[in-house]
Amino acid sequence: MARAMLFLAILNILSSCQKQYRKCEIQTSDRYLNAYNEILNEIIATSTYNYYLGDDEEVIFNMAGKGTYDSAEIESKVIRLHNRLFDDTARRCTLFLDTILRSKFEPQERFLNDSTSFARKLRNAIDEISHDHKTVVDSLDLVQTRYSANDYVSCTAKIKSIRNARI
């Protein structure tokens with residue numbers, strides 16, 4: 001009986017351990033580019049509905065589409081696929097950076113009062129530039145022309161200019 005309880009306790013501890021998303025380490029002394037990169041990587045991981053995972057995303061979507069599914073198992077698969085992209089550049093999707101088509105973006109002031117984890121991370125990245133969040137958000141509302149697609153670093157996607165897109 002004691003062995004069974006010990007086995008169940010160990011099993012419970014092991015199953016509660018969850019892998020973490022790898023963070024893309026960016027090596028640049030340009031604090032603005034660093035903030036842009038952090039925001040871009042956070043958007044890729046949290047706001048693209050896992051499309052950046054490529055064909056594997058459809059498998060995950062189908063798992064979630066079934067009436068009963070294990071959300072912890074799906075999250076574990078997403079984390080594993082996300083982390084795998086760091087070492088497998090051939091599996092990365094291509095994201096096109098638009099610096100030519102839009103003249104004005106949507107107002108992003110809502111992030112200043114939002115309490116989601118993404119908004120908190122965005123505010124932390126903005127803090128790297130300035131504590132005047134409104135000014136920084138207003139400047140992000142302009143088309144960014146200071147950096148090209150080649151300046152951006154993503155460990156989970158290829159970044160190219162929209163000029164290279166075949167439309």
Novice: Does the pair His82 and Tyr52 meet the rule for a side-chain contact (heavy atoms from CB on, under 4.5 Å), with working shown?
Specialist: CA-CA 9 Å; His82 170 90; Tyr52 75 102; 2.7 Å; yes

Novice: Locate the shortest heavy-atom distance separating Lys160 from Ala149; write the atom from each residue and the value.
Specialist: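 For Lys160 and Ala149, the tightest heavy-atom pair comes out as C-CB, 3.4 Å.
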
Novice: Show me the side-chain donor-acceptor pairs of residues 23-33 shorter than 3.5 Å, one per line, residues at least two apart or across chains.
Specialist:
from	atom 1	to	atom 2	distance (Å)
Thr28	OG1	Asp30	N	3.1
Asp30	OD1	Tyr32	N	2.9
Asp30	OD1	Leu33	N	3.1
Asp30	OD1	Tyr147	OH	2.9
Asp30	OD2	Tyr147	OH	2.7
Arg31	NH1	Glu128	O	3.4
Arg31	NH1	Ile129	O	3.2

Novice: So for atom OH, which belongs to Tyr21, do other residues, nucleotides or ligands contribute more than 12 heavy atoms lying within a distance under 6.0 Å?
Specialist: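 Correct, the count exceeds 12.
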
Novice: Would the number of heavy atoms belonging to other residues, nucleotides or ligands and lying under 6.0 Å from CD of Glu58 be above 12?
Specialist: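 No, CD of Glu58 has 12 or fewer neighbouring heavy atoms, counting only those of other groups under 6.0 Å.
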
Novice: Using a 6.0 Å cut-off, check whether atom CZ of Phe86 has over 12 heavy atoms from anything other than its own residue.
Specialist: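 For Phe86, atom CZ is crowded (more than 12 foreign heavy atoms under 6.0 Å).
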
Novice: How many angstroms lie between OG in Ser117 and CD in Glu42, if you round to the nearest 0.5 Å?
Specialist: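 Ser117 OG to Glu42 CD: 7.0 Å, rounded to 0.5 Å.
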
Novice: Determine, step by step, whether Leu97 and Tyr152 satisfy the side-chain contact (heavy atoms from CB on, under 4.5 Å) criterion, reporting the C-alpha distance in whole Å, the side-chain angles of both residues, the deciding distance to 0.1 Å, and the verdict.
Specialist: CA-CA 9 Å; Leu97 183 66; Tyr152 288 90; 3.4 Å; yes

Novice: Would you check if the side chain of Asn41 reaches a backbone N or O of Val153 as a donor-acceptor pair within less than 3.5 Å?
Specialist: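 Yes.
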
Novice: Got a salt bridge between Asp87 and Arg22, using NZ or NE/NH1/NH2 to carboxylate O under 4.0 Å?
Specialist: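 Result for this pair is yes, salt bridge flagged.
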
Novice: First locate atom CG of Leu81, then atom CG of Asn50, and finally report the distance between them rounded to the nearest 0.5 Å.
Specialist: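 CG of Asn50 is found 8.5 Å from CG of Leu81.
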
Novice: Check for a donor-acceptor pair, side chain of Arg92 on one end and backbone N or O of Ile159 on the other, with a separation under 3.5 Å.
Specialist: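 A pair under 3.5 Å: no.
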
Novice: Could you walk me through whether Thr116 and Arg120 pass side-chain contact (heavy atoms from CB on, under 4.5 Å), step by step?
Specialist: CA-CA 6 Å; Thr116 64; Arg120 285 192 306 273; 5.7 Å; no

Novice: Which heavy atom in Ala157 sits nearest to a heavy atom in Ile44, and how many Å separate them?
Specialist: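 Nearest heavy atoms, Ala157 then Ile44: CB-CD1, 4.1 Å.
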
Novice: Output the distance between atom SG (Cys155) and atom CG (Asn37), rounded to the nearest 0.5 Å.
Specialist: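 Cys155 atom SG to Asn37 atom CG measures 9.5 Å (nearest 0.5 Å).
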
Novice: CZ of Phe96 to OG of Ser161: how many Å apart, nearest 0.5 Å?
Specialist: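 Between Phe96 CZ and Ser161 OG, I get 9.0 Å after rounding to 0.5 Å.
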
Novice: Looking at Thr156 and Leu85, what are the two nearest heavy atoms and their distance?
Specialist: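 That closest heavy-atom pairing would be O-CD1, 3.6 Å.
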
Novice: How many angstroms lie between CD1 in Ile43 and NZ in Lys121, if you round to the nearest 0.5 Å?
Specialist: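 Here the interatomic distance stands at 12.5 Å.
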
Novice: Among residues at least two apart in sequence or on other chains, which ones pass side chain to side chain contact (heavy atoms under 4.5 Å, CB included) with Asp88?
Specialist: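 Checked Asp88 against side chain to side chain contact (heavy atoms under 4.5 Å, CB included); matches are Ala90, Arg91.
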
Novice: For the atom pair CZ (Arg146) and OH (Tyr36), what is the distance rounded to the nearest 0.5 Å?
Specialist: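 Answer for the CZ-OH pair, Arg146 versus Tyr36, is 8.0 Å.
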
